[in-house]
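Structure, as structure tokens:
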Amino acid sequence: MDILRFATAGSVDDGKSTLIGRLLYDSKSTFTDQLAAVERASRDRGDEYTNLALLTDGLRAEREQGITIDVAYGYFATPKRKFIIADTPGHAQYTRNMVTGASTADLAIILVDATKGLVEQSRRHAFLVSLLGVPHLVVCVNKMDLVGYDEAVFERIRAEFSAFTSKLSARDVTFVPISALRGDNVVSRSYEMGWYGGAPLLHHLENVHIASDRNLVDARFPVQYVIRPQSHAYRDYRGYAGQVAGGVLRPGDEVLHLPTGLTTRIAGIDGPDGPVDEAAPPMSVVLRLADDLDISRGDMICRPHNAPTPTQDLDSLVVWMTDRPLRPGQRLLVKHTTRTARAVVKDLRYRLDVNTLHRDGDATELRCNEIGRLHLRVTRPLFCDPYSRNRLTGAFILIDEATNLTVGAGVVN
């Protein structure tokens, strides 16, 4: 049984948390005590119904304001698949939280309020989902009960959204009319919308194909840790632990070590339960090599004739995530896979308006939640791929040296 990671996005009050609560409730994935606590909280708030959004909105400020502030994660399973949900905020000021939640998602659900139509934040989140390379997008037109389940409203929003996504790199877009509050087309098909010929949302989540989304061609293994047990049972054991970021690795394969450029062969691969015959993304394994090489954290193991190009110059799109503006000349730390290096911002080429996709070449800084194209110069080579080719080796985060806080996230062009 595989795992589907998906994130919800959309504008404020579009019903993201209510949708997640409805999925958990209708799929029988909530505990009795959880539901009882939500019912009590709903009564205390004076709600006329059980507010399923409270299943994910657990912070006091979230419940007081009726909004989502931080990313809330949920887990549930059906007989076909396991799911990890990231319920992300809708406010523009929490765009950085939305980026965090969607960065590891296989699928994104963008909610659009049927009574409001496509708004600025809907476009913003659609662009960010495209920028983050999320392979599958589901647009849920919510609150259809408030517009009398009118097919014309749904078709108008679908046409408008399709026109906008045609400018983006969205590959797989599905539209579903729903009512998260009443459960229409969430887990079960809606009798009120007989004109809709597609599947309910949960059926789509269970059956969307994600196996081919991962890069199984370019072998990439960033070394995270060197394992040398000091015991009599494993006296000569030397293994290199990490998560496979691309390709398929098997015992006997010839591999190349970066940065030295030396080649060797895989002697064996160990998983959590013992030796395995092959390793592919996103497995975490330990590689044993035939030769003793000087390998440490931050190094890369790949194929001799299919290696990433070491570079000290990063052309990248960056989402800035802190209140202190980013300006050229600023010094930061770059963390790429398991490798960390110091960096300087050489140039801010343009700031991107995510609503109009306009490029402001005269911009001199990036403020919180803004996106810009940067030229970064790093002190040691990084082993990168374009983000469009590999989401793991094509992404990095920026860290403030003084505070050690994550201040930005970027993708390699």
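Side-chain contact, D270 with Y237: a donor N or O sits under 3.5 Å from an acceptor N or O. Under the 3.5 Å distance criterion, with hydrogens and angles disregarded, no donor-acceptor pair is assigned to the side chains of Q243 and S284. Between the side chains of R327 and Q330, no donor N or O sits under 3.5 Å from an acceptor N or O.
Annotation: the span from D87 atom CG to F6 atom CZ amounts to 9.5 Å, rounded to 0.5 Å. Between the CG atom of L352 and the CG atom of L366 there is a distance of 10.0 Å, given to the nearest 0.5 Å. For the atom pair OG1 (T165) and CD (E160), the distance works out to 11.0 Å, reported to the nearest 0.5 Å. Taking CG of D145 as the start and CE of M193 as the end, the distance is 8.0 Å to the nearest 0.5 Å. Between M321 atom CE and L326 atom CG the span is 12.5 Å, to the nearest 0.5 Å. Residue D385 holds its CG atom at 7.5 Å from CG of N215, rounded to the nearest 0.5 Å.
By the neighbour-count criterion of 12 heavy atoms within 6.0 Å, atom CZ of R228 is densely surrounded, having more than that number from other residues, nucleotides or ligands. Counted within 6.0 Å of CG on D236, heavy atoms from surrounding residues, nucleotides or ligands total 12 or fewer; the atom is thus considered open. For R380, the CZ atom sits in a packed shell: over 12 heavy atoms of surrounding residues, nucleotides or ligands are nearer than 6.0 Å. Applying the 6.0 Å contact sphere to NZ of K116 captures more than 12 heavy atoms from other residues, nucleotides or ligands. Counting heavy atoms of neighbouring residues, nucleotides and ligands inside a 6.0 Å radius, atom CZ of R81 exceeds 12 of them. More than 12 non-hydrogen atoms from other residues, nucleotides or ligands lie less than 6.0 angstrom from CZ of R391. Residue-environment remark: NE2 (H203) stays at or below the threshold of 12 foreign heavy atoms within 6.0 Å.
No side-chain donor-acceptor contact under 3.5 Å links T264 to the backbone of L289. A donor-acceptor pair is defined here as one N or O able to donate and one able to accept, closer than 3.5 Å; no such pair exists between the side chain of Y240 and the backbone of Q224. With hydrogens and angles disregarded, a donor-acceptor distance shorter than 3.5 Å links the side chain of D106 to the backbone of R5. Distance alone, capped at 3.5 Å, places no donor-acceptor pair between the H125 side chain and the T8 backbone.
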Let me see the working for D294 and H257 under side chain to side chain donor-acceptor pair (under 3.5 Å), right down to the final yes or no.
CA-CA 9 Å; D294 182 12; H257 169 244; over 6 Å; no
Applying side-chain contact (heavy atoms from CB on, under 4.5 Å) to L201 and V138, what does each step give before you reach the verdict?
CA-CA 9 Å; L201 176 61; V138 178; 3.9 Å; yes
Worked verdict on V412 versus D315 for side-chain contact (heavy atoms from CB on, under 4.5 Å):
CA-CA 6 Å; V412 179; D315 177 19; over 6 Å; no
CA sep, side-chain torsions, deciding dist, call: L137, T174, side-chain contact (heavy atoms from CB on, under 4.5 Å)
CA-CA 6 Å; L137 174 61; T174 302; over 6 Å; no
Determine whether F396 and S316 satisfy the following criterion, side-chain contact (heavy atoms from CB on, under 4.5 Å), listing intermediate values before the conclusion.
CA-CA 10 Å; F396 60 88; S316 57; 3.5 Å; yes
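Using a 4.0 Å cut-off between a side-chain N of Lys or Arg and a carboxylate O of Asp or Glu, R250 and D277 do not qualify as a salt bridge. Checked for salt-bridge contact, E365 and R324 miss the test: no charged N lies under 4.0 Å from a carboxylate O. Under the 4.0 Å criterion applied to side-chain N and carboxylate O atoms, D253 and R303 are assigned as salt-bridge partners. With respect to the salt-bridge test (charged N to carboxylate O, under 4.0 angstrom), the residues D313 and R377 qualify. Between E370 and R367 there is no salt bridge, since none of the side-chain N atoms of the basic residue sits less than 4.0 Å from a carboxylate O of the acidic one. The pair D2-K82 fails the salt-bridge criterion, with no side-chain N (NZ, NE, NH1 or NH2) lying under 4.0 Å from an Asp/Glu carboxylate O. Under the 4.0 Å criterion applied to side-chain N and carboxylate O atoms, R339 and D299 are assigned as salt-bridge partners.
Side-chain contact between E401 and R331 is present, with at least one heavy-atom pair separated by less than 4.5 Å. Looking at heavy atoms from C-beta onward, S179 lies out of side-chain contact with K143 at the 4.5 angstrom threshold. No side-chain heavy atom of Q312 sits less than 4.5 Å from a side-chain heavy atom of L382. Side-chain contact between T393 and P308 is absent, with no heavy atoms from C-beta onward closer than 4.5 Å. A heavy-atom distance below 4.5 Å is not found between the side chains of V255 and R265. No side-chain heavy atom of V173 sits under 4.5 Å from any side-chain heavy atom of R158. Between I110 and F161, some side-chain heavy-atom pair lies under the 4.5 Å cut-off. A heavy-atom distance below 4.5 Å is found between the side chains of L398 and V334.
Of all heavy-atom pairs between V286 and I227, the closest is CG2-CD1, 3.6 Å. Minimum heavy-atom separation, F127 to F164: N-CE2, 4.4 Å. Contact detail for P310 and P381: the closest heavy-atom pair is CB-CB, 4.0 Å. Residues P177 and N185 come closest through the heavy atom pair O-ND2, 2.9 Å. Taking every heavy atom of both residues into account, R349 and D347 meet most closely at CG-OD2, 3.3 Å. Minimum interatomic distance between A363 and R351 (heavy atoms only, all atoms of both residues): CB-CB, 3.6 Å.
The side-chain contact (heavy atoms from CB on, under 4.5 Å) with I399 is formed by just one residue from the set L332, T340, L333; it is L333.
By the 30° and 60° cut-offs, the orientation of the rings of F83 relative to F76 is parallel.
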